[in-house]
Amino acid sequence: MNYESLPPFANEAYRDFSEPIHRAAMEAALAQARTELGREYDLWIDGRPEKGGPYKLKSYNPSRPAELIGVHQKASAEQANRAIEAAHTYFPTWNAVPPIERVKLLFQAVAILKRRKSEFNAWMVLEAGKSWAEAEADTAEAIDFCDYYARQMLRLATPGPLVQMPGEAGHLVYLGLGVGVIIPPWNFPLAILVGMTVAALVTGNTVVIKPSSETPTIAAKFIEVLQEAGFPPRSYTFLPGAGSEIGDLIVTHPKTRFISFTGSKEVGLRINELAAKTQPGQRWIKRVIAEMGGKDAIIVDREVPDIDAAAAGVISSAFGFQGQKCSACSRVIVDESIYDRFVAKLKPLAEAFPQGPVISASAEKTILNYIEIGKQEGRLITGGAKSTEEGHVIPPTIIADIEATDRIFQEEIFGPVLAVTKARDFDHALQLANDSEYGLTGAVYTSNEEKLEQARRDFFVGNLYLNRKCTGAMVGAHPFGGFNMSGTDSKAGGPDYLLQFLQAKSIAEKQL
Ligand code: NAP
């Protein structure tokens, strides 16, 4: 097997659940998952299962808050320390496994995830409150990350030739770094967890996975995939526990070599700061790969090619998975000449958009608080209060006439709240779009080629979309990562991503 001999990479196709065969598969998977509700899962440290203390971590269904999904251990400080030490001890063994063998294991994981697709979807419906379609996209992205990174590792296993000095043979090899602490968020509870984990594993690192406390069951199910695929039991660790309790410990541990984090700006900056301080006995500068929040803007110009398509794109970007995507459109910036007409188009689309729950009672409280702030700052167009449905449901909320100085223009809300702002012209719209500490995704709807060129040059975001929505990045096609406070711009799902988990060794040999 080598990189060139593989058929080209193709994204995993989404199933259409209006087809009876796919509907039936999902219904069966949900029924099966329901038989396992409330099951207890163990920690996995140094190749063995372990219990934690008497206090357990419990996850609940955001659509039915009383429904218990999984019971998990809370790793103690002693267990967290031991987990890092054990992963450090095993690292040289795993790093010495030829890349091709690690790649084969990852292709095994692809096959298992494909087989268990409906099962993973079901757990995401139950534990994260995803719709079937959103869950399908999440599982497909997890499969894509495994498939894509396996191929990228094959490519890096035989780096291109170096310039050869006379009388010398020179070459470059890539080595793993050491123990990677993997800290994912709950909003793509499978795809992001899987992407960060397998990128680190396939490059020869051992991983200590601290799952999100909202979605630990989905993470536990993925640990089963690593087991079934044949990854050595000591190459991965499953360490649930509250980030506020064990997070600092695993980040600052002197044997931790790097931290791969996706989540909020506040936690990401804390990790970055703690990781920068050298601990007694530490022998390296820790690397931090941090992908953080967004305050993503879509510009709708007066020369919009199709105003209905633009309104649909904004609504889908703003309210898909209840706006709980780092890429979600939370600001739409509209040219004044079409402003009223555009706002009028948004309202019925938002009201017809399928509703679902936000992740937790505390998220619900934060979002409702921002809605109250927004009502003071602007004009409520639709939504604006909790739904009477069961679960943490907040209907799509649109607040117009928001200024750049307003809090709901500047702060990440991470829920179904869209701020609408008026721009005098395209220059002003771009200036407003860039008026943010974040820089993750952005989109522009215009048919004017000069304005598109201006956006390509001046819209300062890691992922720019022209005449389309700003969510739905596909592995391989849209390498993903943000500028400024949106993170370290790691470009997940892109050709450069794996280099962040590797160190290159240059070897020059004098010919005798
Ligand atoms: P979060 O609150 O920052 O939590 C993320 C992870 O960090 C969780 O596993 C959490 O564990 C852990 N954590 C909390 N405190 C910690 C500490 N002191 N040390 C180490 N780890 C700690 O974020 P979230 O609510 O899960 O996710 C939403 C955020 O993620 C949003 O800001 C969103 O924009 C961002 N996001 C960004 C991207 C991207 O690619 N840029 C993608 C998805 C999401 P506990 O659950 O135990 O607290």
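As the structure lists them, so they are numbered: ligands from 1, and atoms in each ligand from 1.
Summarising the contacts of atom 12 (C) of ligand 1 with L57, I183, I271, the nearest heavy atom is found in I183. Nearest-heavy-atom check against atom 9 (O) of ligand 1 across G263, G243, P184 picks out P184. Comparing F480, F414, F261, Y438 against atom 5 (C) of ligand 1, the shortest heavy-atom distance belongs to F261. Comparing A328, C326, S327 against atom 38 (C) of ligand 1, the shortest heavy-atom distance belongs to C326.
Under a 4.0 angstrom heavy-atom cut-off, A363 registers as lying outside contact with ligand 1. Contact annotation: G482 has no heavy atom less than 4.0 Å from any atom of ligand 1. The closest approach between any non-hydrogen atom of G487 and ligand 1 is not below 4.0 Å.
Within the listing of ligand 1, atoms 43 (C), 44 (C) sit less than 4.0 angstrom from a heavy atom of N187.
A cation-pi geometry, defined here as NZ or CZ lying under 6.0 Å from the six-membered ring centre and within 45° of its normal, does not hold between K221 and F120. Geometrically, K210 does not engage F261 in a cation-pi contact, judged by NZ or CZ lying under 6.0 Å from the ring centre and within 45° of the ring axis.
Although no hydrogens or angles enter the test, the distance criterion places a donor-acceptor pair under 3.5 Å between the side chain of N205 and the main chain of G178.
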- Message: If you apply the rule salt bridge (Lys or Arg N to Asp or Glu O under 4.0 Å), what do you find for E291 with K491, and how did you get there?
- Response: CA-CA 9 Å; E291 290 307 314; K491 289 295 183 274; over 6 Å; no
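Here E412 has side-chain heavy atoms under 4.0 Å from ligand 1, and that is the only part of it that gets that close.
Closest to atom 27 (O) of ligand 1 among all protein heavy atoms lies P185 CB, 3.4 Å. From the protein, the heavy atom lying nearest to atom 24 (P) of ligand 1 is W186 NE1, 3.5 Å. In terms of protein heavy-atom proximity, atom 46 (O) of ligand 1 is closest to S213 N, 2.8 Å.
Two residues are said to be in side-chain contact when any heavy atoms from C-beta on lie closer than 4.5 Å; R34 and E67 meet this criterion.
Applying the side-chain hydrogen bond (donor to acceptor under 3.5 Å, both in side chains) test to pairs two or more places apart or on separate chains, none has a residue in residues 193-202.
Shown here for D46 and R234, the closest heavy-atom pair between the two residues is OD1-NE, 3.0 Å.
At under 3.5 Å, not a single nitrogen or oxygen of K265, backbone or side chain, sits near a nitrogen or oxygen of ligand 1. Between M292 and ligand 1, at least one N/O pair is under 3.5 Å apart.
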